[in-house]
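Since the structure is predicted, the reported quantities are computational estimates derived from the model, not experimental observations. Per chain, numbering begins at 1; letters A, B, ... match sequence-line order.
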Amino acid sequence: MNTVIDAHNISKVYNPETIPVYAVNNVHLHLQKGEFTALVGPSGSGKTTLLNLIGGLDKPDEGKIEINGTDITRLSSNQLINFRLHNIGFVFQSFNLVPVLTAKENVEFIMQLQGIPKKEREARLKNLFRQIRLEDKVDCRPAELSGGQQQRVAVARALASKPQFVLADEPTANLDSKSASNLLDIMAELNKEENMTFIFSTHDQRVIERARRVVTLVDGRITTDTALVDVSHSVASVSSPPLIT
Amino acid sequence: MILIMAWRNIWRNKARSLIILSSVMIGLFTGIFVLALYRGMIDGRIRVVIEDEVSHLQLHHPEFKKDYEARYVIGNSEELIKSVSGLRQVSAMAPRDIAQGMLSTGTGSNGVEIRGVIPEKEVAVSRLDKKIIEGNYFSSEKRNELLIGKKLFDKMKLKLHNKVVLTFSDKDNNVTSGAFRIAGVFRSANTALDERIVFVRSGELAGLLNIAGSYHELAILLYRNEDVAGVQQLLRAKYAGLSVENWKEISPETELTISTMNQFSLIIIAIIMLALAFGIVNTMLMAILERTHETGMMVALGMNKLRLFTLVLSETIFLTLAGTPAGLLLAWGTTLYISKHGIDTASYAGEVMGSFGYSSVIYPEFPADQLIAVMGIVAATAILSAIFPAVKALRLQPVEALRK
């Protein structure tokens with residue numbers, strides 16, 4: 001299997017000069033292509049910070065992160081923007097669709113940034129909206145969609161650039177049970193059919209139950225890293241020793 | 001897509017955008033209307049210079065205008081007049097005799113320029129008969145009639161039919177004088193000239209100057225302003241021994257005023273737009289700050305700095321340009337309406353305009369040829385206004401912006 005994410009010994013410290021707070025502390029994490037991984041832990045455990053570091057939105061103070069062999073900690077901010085565009089899909093807790101664009105335009109926007117020709121964009125859009133089951137909502141603005149529908153569009157947007165993996169920060173936090181279930185079905189289906197790698201932070205037990213690997217963070221350290229079911233699609237590896245307090 | 005986003009973004013806060021659009025509209029209207037007023041004043045001044053004062057072209061003996069000595073006359077005047085009359089571009093022509101002298105009455109005297117004119121020819125060139133406000137134009141029956149400007153008439157406390165004495169030097173530099181009776185009082189658009197010039201018949205003045213049958217000046221009025229350079233070139237080539245000047249050369253201060261006013265009026269628009277730029281910057285800054293989270297998200301997804309800058313720049317340009325058509329339309333409509341009736345400044349500014357040689361009634365003219373310059377100023381305003389908000393947006397760190 002191919003390694004998609006290879007994070008070595010990464011740490012992120014806030015207030016290093018005064019009272020250092022380790023948001024992420026000496027974390028090792030390896031993700032293979034096609035994994036469906038949940039990052040769990042209490043609030044303040046460093047889940048979002050770890051996702052930001054892996055997603056190239058923030059830089060670690062120590063360690064290095066390789067995405068498909070590229071050390072993203074060495075990239076400039078401009079290079080990082082371009083790297084994110086072509087390699088990483090993002091799904092945010094609060095959907096974060098551009099309110100002035102329609103559902104279709106929100107998804108197409110990313111492909112336009114990538115410079116994909118119109119014909120190919122159209123074909124991909126058709127397929128993506130079929131996959132998220134929102135073919136009849138393509139021309140709706142985000143305000144005209146429910147939370148669940150918006151998050152499905154956000155998933156389509158994340159996949160539009162054909163990324164190496166999708167990072168989802170608490171994707172079901174603002175959804176009702178039915179919408180959350182629908183979203184998880186779609187994500188699981190994409191993972192299975194297209195071998196798309198997903199890593200999401202969550203508190204949601206329903207998400208944890210659907211994950212095939214669960215990494216638990218406490219105080220910025222990985223305490224457990226468990227493959228739950230069906231390891232044919234993922235390889236579980238404990239990369240950081242459990243923190244024993 | 002960035003342009004679509006930019007256009008839709010400006011309508012997210014309609015009230016705020018409409019205020020800026022209205023400001024741009026009013027600012028542009030004000031600027032263009034000021035420009036139209038200046039243009040109207042300039043055109044009025046050009047009309048006064050050409051139709052009332054100097055005509056399109058003047059011919060003199062090359063030495064005449066140095067000291068206005070009577071001996072420097074145009075040779076072969078009659079033949080010259082005949083030849084110039086034959087030019088198809090020439091509308092009218094008036095020969096004149098000119099003397100610098102003194103106008104005296106029983107109670108006082110004043111320095112004047114005495115213009116000896118052929119009444120029927122002068123009418124065609126300077127419409128002198130139309131400017132008579134008291135008394136009459138030259139009549140065919142009476143001799144030694146004089147037309148005097150209203151300002152000098154009042155200053156010297158004269159009355160119609162009063163006798164005045166004109167004293168000046170003749171061809172041989174002998175002091176000579178003649179008595180004339182005031183037949184009429186004229187008022188031109190240029191009150192300064194009204195205080196300095198008197199008109200008598202050419203034959204009577206030429207007799208006193210001892211240059212009978214000769215003229216000092218030939219004023220030529222053309223059908224079109226555009227023909228001035230061509231006719232001037234033609235006459236210069238044909239009459240190398242004469243001085244052939246166009247109205248800009250005769251009245252260089254008018255030419256200077258025109259060029260200065262053009263620049264000045266564009267500066268006024270630039271100042272108005274600069275003031276507007278602060279409002280636009282403020283609006284765009286508010287918009288950027290309100291959308292910090294959204295901007296961070298777009299950068300996170302892969303929108304690079306150039307595209308982000310383009311987005312902010314496009315929004316600012318749309319915001320600025322959206323008010324432009326309305327401003328132009330308002331300025332055009334207002335100018336068109338007022339140009340038919342004119343603005344009479346005499347009611348509140350008295351003779352101020354006239355004392356500078358400008359007509360007191362201003363007919364604003366839409367400055368169509370300066371619209372490109374105006375649009376350039378508007379575009380520059382938009383670009384300048386975009387820079388600060390764009391820099392603010394570019395400095396956003398996605399991870400921090402997403403937390404907000």
What side-chain donor-acceptor pairs closer than 3.5 Å can you find for residues 377-397 of chain B, not counting sequence neighbours?
unit_1, atom_1, unit_2, atom_2, d
B/T381, OG1, B/I377, O, 2.7
B/S385, OG, B/T381, O, 2.6

Contacting moiety of A/L113, where chain B heavy atoms sit under 4.5 Å: both
If you draw a 6.0 Å radius around CZ in A/R74, do more than 12 non-hydrogen atoms from other residues or ligands fall strictly inside? no
Heavy-atom contacts under 4.5 Å, residues 81-106 of chain A to chain B: A/I81, A/R84, A/L85, A/F90, A/F92, A/S94, A/N96, A/L97, A/V98, A/P99, A/V100, A/L101, A/T102, A/E105
So if I take each residue of residues 141-170 of chain A and look for any heavy atom under 4.5 Å from a heavy atom in chain B, which residues do I end up with? A/R141, A/R157
What residue, out of B/E294, B/M298, B/M297, B/M5, has the most heavy-atom pairs lying under 4.5 Å from chain A? B/M297
Identify which of B/G296, B/A300, B/P398 forms the greatest number of heavy-atom pairs closer than 4.5 Å to chain A. B/A300
Counting only heavy atoms not in A/Y14, do more than 12 sit closer than 6.0 Å to its OH atom? yes
Identify which of B/I4, B/I2, B/V299 forms the greatest number of heavy-atom pairs closer than 4.5 Å to chain A. B/V299
Taking only heavy atoms into account, what residues of residues 46-57 of chain A are found under 4.5 Å from chain B? A/N52, A/L57
Please look at A/E108 and chain B and tell me whether the side chain, the backbone, both or neither of the residue comes under 4.5 angstrom of a heavy atom of that chain. both
